[in-house]
Amino acid sequence: MSDDGIPESSESMGTDGIPYRFEPTATAAGLHAAHGDLEAGAETGIVVTLAGRLMLRRDQGKLFFGVLQDATGRVQLFAPEKSTPDFAGFTGLHLGDWVGVTGEVIVTRRGELSVRVGEWVRLAAARRPFPDKWHGISDTDTRYRQRYVDLWVTDEAREAFVLRSRALSVMRRWLEDRGFLEVETPVFHPIPGGALARPFTTHHNALDLDLYLRIAPELYLKRLTVGGMERVFEVARVFRNEGVSTRHNPEFTMLELYQAYADYHDIMALVEELVAHLAETLLGTTQLEYDGRQLDLSVPWRRATLTELLAEHAGLEIDLDTPRDELVRLCEERDIPVKDHDGPGKLIMELYEKTTEPELWGPVFVVDYPKEVSPLSRDHRDRPGWVERFEGIVAGRELCNAFTELVDPDDQRERFEAQEAGRAAGDDEAMVVDEDYLRALEYGLPPTGGLGIGIDRLVMLLTGTTAIRDVILFPTLRPEQGLGTPADPGDGGDGEGDADEGAGS
RNA sequence: GCGCCUCUAGCUCAAUUGGCAGAGCAUCGGACUCUUAAUCCGCAGGUUCUGGGUUCGAGUCCCAGGGGGCGUACCA
């Protein structure tokens, strides 16, 4: 390997003409940053090595212009016949081919920053033609299925995923700076818990055990708080067996965190500071425009109780002591179906979700929820029948759900049993009793504040996208027709054949 | 799940009331020493999503199925 990155030894060149490694010394964005102010016709004497895909080609006969795109952006390649090795081979490159180039940084007579091709090597052939160089891919389905193409031809897509990565990085740093420890808890749950949702099921052959993919990491994280990890968080992929939409993917990412000795007021402060910090760091401002509307994320966010908002937006002056008949009447007036076992708390929630939640834009913390619909939250210190729970509504969407955690094992058992009763009555999203979690609580959970933030929705906010599939690299889709499907992976024997060669090294 | 819309060349899109399936880009061949989605000439490229039906004749109309989008429901 020579200094300029072009392999010169046959040892490192494959028989197919493709080298085994390559070493770029510069990037497209780096060149523009370093040399963007040069005048037309400039020659720098600086030799750099770039790698990327050839995304545009302009063949002038004895002079060839190409546009090389790498992970950072695009830069022009300038290739005169008389100075370019194997000029015919170079001009024969296809759109989409990967190529490594070494040459001097220059500016053309027309003022375009370029690399004059000195040495070059093809790093991969694009056997399939790339999409229209101007229109790209318009079919969203193709974009999601062939993200490896989409990332090259749709700038906004690539930018959104770069921002997503940076957002997670900034978030982790911010939490670690505050003493939070990142942990990993099981994805396989023998008992689904921590949220109200339908789980996916799977099966472990050797243990002959039915398992659920987690719908939330909550109960495991609180076990860790019992275990003395005072501040923990997990960036958790969770799975819910529900429909897909512009706001829902069956697997999505939640940030959950638990802070010992904190209550939900502390968590509210944490959320608004974290989100404002992310916007400030990644976008340089807390004043966003989303879906054509303004959004001010600056601290502090408004705090209003659910009952206050019901009065404000729907004119409904109701509370848990409002006669049930009255609540039922209000629901029926609004075409909300009422079940026999629905208590006043459930009915108030239904009225809120129907009349008030769609009106909210935020950011606003909706504070204090009925105990009846909150099986893991601690009783409100002042309001009987209510719990210390809040949701953050931002850009009209639920961004987070948080509460002062329920710490009393006896109370928790009663809540679980109430959920079981609901399950018996036909609610297949209701929780089941988790005896081990109760045992953990019996060892003592200190006062704790907990939080779950939908990361995908947060990233949508930061990237200004309105479809969750635009922030998930490979969203859940039906398998493509006509590509062939693998043999049924289930029931594949007992695995003792040891035929797998994956996860090597 | 339900409702509405949609599917034509590798990509982006045309095709009159039902009347010979087309263009640009990409590919292939040719011209061109400062292009910027380069330009120009030429070749090739099709199960019009699938299967039925109506018709002398279907990309177009009807029925069923499939893929996708949007809305709605469940939900974060």
Side-chain angles (χ1 to χ4, degrees), chain A residues 40-41 54-67 74-84 87 91-97 106-114 116 126-146 149-150 152-154 194-199 215-216 236 238-256 335-337 353-354 357-358 391-394 397-402 427-429 451-458 460 466-469 475 477-483:
Chain A
L54 185 68
M55 294 305 282
L56 291 174
R57 25 171 301 151
R58 297 183 281 275
D59 190 347
Q60 298 280 300
K62 294 190 172 65
L63 183 61
F64 179 93
F65 298 91
V67 171
R74 296 181 165 198
V75 67
Q76 178 166 270
L77 302 178
F78 179 81
E81 180 178 34
K82 61 184 179 187
S83 65
T84 304
F87 183 71
T91 58
L93 289 170
H94 288 180
L95 286 188
D97 281 353
I106 63 158
V107 179
T108 61
R109 278 182 228 157
R110 295 291 176 85
E112 183 74 25
L113 182 69
S114 306
R116 184 200 285 128
R127 283 203 219 172
R128 293 173 181 265
F130 263 61
D132 188 282
K133 61 192 176 189
W134 185 247
H135 297 99
I137 309 175
S138 67
D139 179 22
T140 52
D141 181 52
T142 305
R143 290 186 46 217
Y144 302 142
R145 290 189 195 280
Q146 301 187 39
V149 176
D150 184 43
W152 285 100
V153 302
T154 310
L196 303 171
R198 253 189 306 256
I215 55 175
V238 299
F239 309 86
R240 299 188 183 178
N241 208 336
E242 289 152 1
V244 298
S245 78
T246 51
R247 286 179 286 279
H248 301 86
N249 196 63
E251 53 176 310
F252 63 101
T253 304
M254 284 195 359
L255 169 74
E256 282 206 8
D335 295 326
I336 299 169
E353 288 174 359
K354 178 84 173 187
E357 198 179 50
E391 290 189 356
I393 304 291
V394 182
R397 293 163 166 83
E398 279 178 46
L399 181 72
C400 68
N401 186 20
D427 181 358
D428 55 2
E429 293 184 349
L451 165 70
I453 292 186
I455 292 298
D456 310 274
R457 290 185 181 176
L458 178 60
M460 287 167 70
T466 53
I468 196 168
R469 288 172 165 186
L477 300 171
R478 217 177 235 107
E480 193 170 355
Q481 295 285 307
L483 266 190

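A quick note: this is a predicted structure, and the numbers were derived from the prediction, not measured. Just so we're on the same page: letters track the sequence lines, and every chain starts at 1.
Across the strands present, B:C70 finds its partner in B:G3; the criterion is a Watson-Crick or G-U wobble pair with both atom distances under 3.5 angstrom. Both distances falling under 3.5 Å, in either a Watson-Crick or a G-U wobble arrangement, place B:C11 opposite B:G24. Of all nucleotides present, none satisfies the Watson-Crick or G-U wobble test against B:U55 with each distance under 3.5 Å. Nucleotide B:G18 forms a pair with no other nucleotide shown, judged by Watson-Crick or G-U wobble geometry with both contacts under 3.5 Å.
Atom pair A:Gln146:CD and B:C11:P shows a separation of 8 Å (rounding to whole Å applied). Atom CD in A:Glu357 sits about 11 Å away from atom P in B:C74, given to the nearest Å. Here the P atom of nucleotide B:A38 and the CZ atom of A:Phe78 are 16 Å apart, to the nearest Å. Rounded to whole angstrom, the span from the CD atom of A:Glu242 across to the C1' atom of B:C2 amounts to 18 Å. Computed from coordinates, the A:Lys354 NZ to B:U72 C1' distance equals 11 Å when rounded to whole Å. As rounded to whole Å, 11 Å separates atom C1' of B:C74 from atom CG of A:Asn241. Following rounding to the nearest Å, A:Leu54 (CG) and B:U36 (P) show an atom-to-atom distance of 16 Å. If you measure from atom CZ of A:Phe64 to atom C1' of B:U39, you get 15 Å, rounded to the nearest angstrom.
For A:Leu63, the listed nucleotide lying nearest its side chain is B:C34; candidates were B:A38, B:G68, B:C34. Distances from the side chain of A:Gln76 to the nucleotides B:C34, B:U36, B:C74 place B:U36 closest. Minimum atom distance to the side chain of A:Asp139 is reached by B:U12, of the listed B:U72, B:U12, B:C34. Relative to the side chain of A:Ile137, the nucleotides B:C34, B:U12, B:U36 differ in distance, and B:U12 lies closest. Of the listed nucleotides (B:U12, B:U33, B:C34), B:U33 has the atom at the smallest distance from the side chain of A:Lys82. For A:Thr246, the side-chain atoms get nearest to B:G71 when compared with the rest of B:U33, B:G71, B:A37.
Remark: the separation of the C1' atoms in B:G71 and B:C56 is 43 Å, to the nearest Å. Atom name C1', nucleotides B:G59 and B:C49: the rounded distance is 12 Å, in whole Å. Comparing the C1' positions of B:C28 and B:G10 gives an interatomic distance of 14 Å, to the nearest angstrom. Taking atom C1' in both B:G18 and B:U48, one finds a spacing of 15 Å when rounded to whole Å. For the P atoms, the distance linking B:G46 with B:A23 amounts to 14 Å, nearest Å. For the P atom pair drawn from B:C25 and B:U36, the interatomic distance equals 14 Å after rounding to whole Å. Straight-line distance between the C1' atoms of B:G57 and B:C61: roughly 13 Å, to the nearest whole Å. Spacing between B:A9 and B:U27 at atom C1', rounded to whole Å, works out to 12 Å.
A donor-acceptor pair is defined here as one N or O able to donate and one able to accept, closer than 3.5 Å; no such pair exists between the side chain of A:Ser114 and the backbone of A:Arg116.
Between A:Phe78 and A:Leu63, the closest side-chain pair of non-hydrogen atoms falls below 4.5 Å. Side chains of A:Ile468 and A:Arg247 form no contact here, defined as non-hydrogen atoms less than 4.5 Å apart. Using a 4.5 Å cut-off on side-chain heavy atoms (C-beta onward), A:Leu56 and A:Arg74 make contact. Residues A:Thr253 and A:Asp456 have side chains in contact (heavy-atom distance under 4.5 Å, counting atoms from C-beta outward). With a 4.5 Å cut-off on side-chain heavy atoms, A:Gln146 and A:Arg128 do not count as touching.
At a threshold of 4.0 angstrom between heavy atoms, the contacts of A:Arg240 include nucleobase atoms, whether or not backbone atoms are also involved. Within 4.0 Å of A:Gly96, counting heavy atoms only, lies no atom of the nucleic acid at all. Within the nucleic acid shown, A:Leu399 has no heavy atom closer than 4.0 Å to any nucleic acid atom. Within the nucleic acid shown, A:Gly454 has no heavy atom closer than 4.0 Å to any nucleic acid atom. Here A:Gln60 lies in heavy-atom contact (under 4.0 Å) with a base.
The structure places OG1 of A:Thr246 at 6.5 Å from CE of A:Met460, a figure rounded to the nearest 0.5 Å. Once rounded to the nearest 0.5 Å, the distance linking CZ of A:Phe130 with NE2 of A:His94 reads 13.0 Å. Separation of atoms CD1 (A:Ile336) and CD (A:Glu353) is listed at 9.0 Å; rounding is to 0.5 Å.
The phosphate of B:G68 has OP1 or OP2 within less than 4.0 Å of a side-chain N or O from A:Arg145. Here A:Ser138 reaches the OP1 or OP2 of B:C13: one of its side-chain N or O atoms lies under 4.0 Å away.
Residue-to-nucleotide proximity on RNA chain B shows that, of A:Ala467 and A:Thr108, the 5′-proximal contact is made by A:Thr108. Toward the 5' end of RNA chain B, the nearer of the two residues A:Asp59 and A:Pro250, judged by each one's closest nucleotide, is A:Asp59.
The side chain to side chain contact (heavy atoms under 4.5 Å, CB included) test with A:Pro131 singles out one residue from A:Leu95, A:Val153, A:Asp150, A:Thr142, and that residue is A:Val153.
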For nucleotides 21-29 of chain B, tabulate all protein N/O to nucleotide N/O atom pairs closer than 3.5 Å, reporting atom names and distance.
| unit_1 | atom_1 | unit_2 | atom_2 | d |
| --- | --- | --- | --- | --- |
| B:G24 | N2 | A:Asp132 | OD2 | 2.8 |
| B:C25 | O3' | A:Lys133 | NZ | 3.3 |
| B:A26 | OP1 | A:Lys133 | NZ | 2.7 |
| B:C28 | OP1 | A:His94 | NE2 | 2.5 |

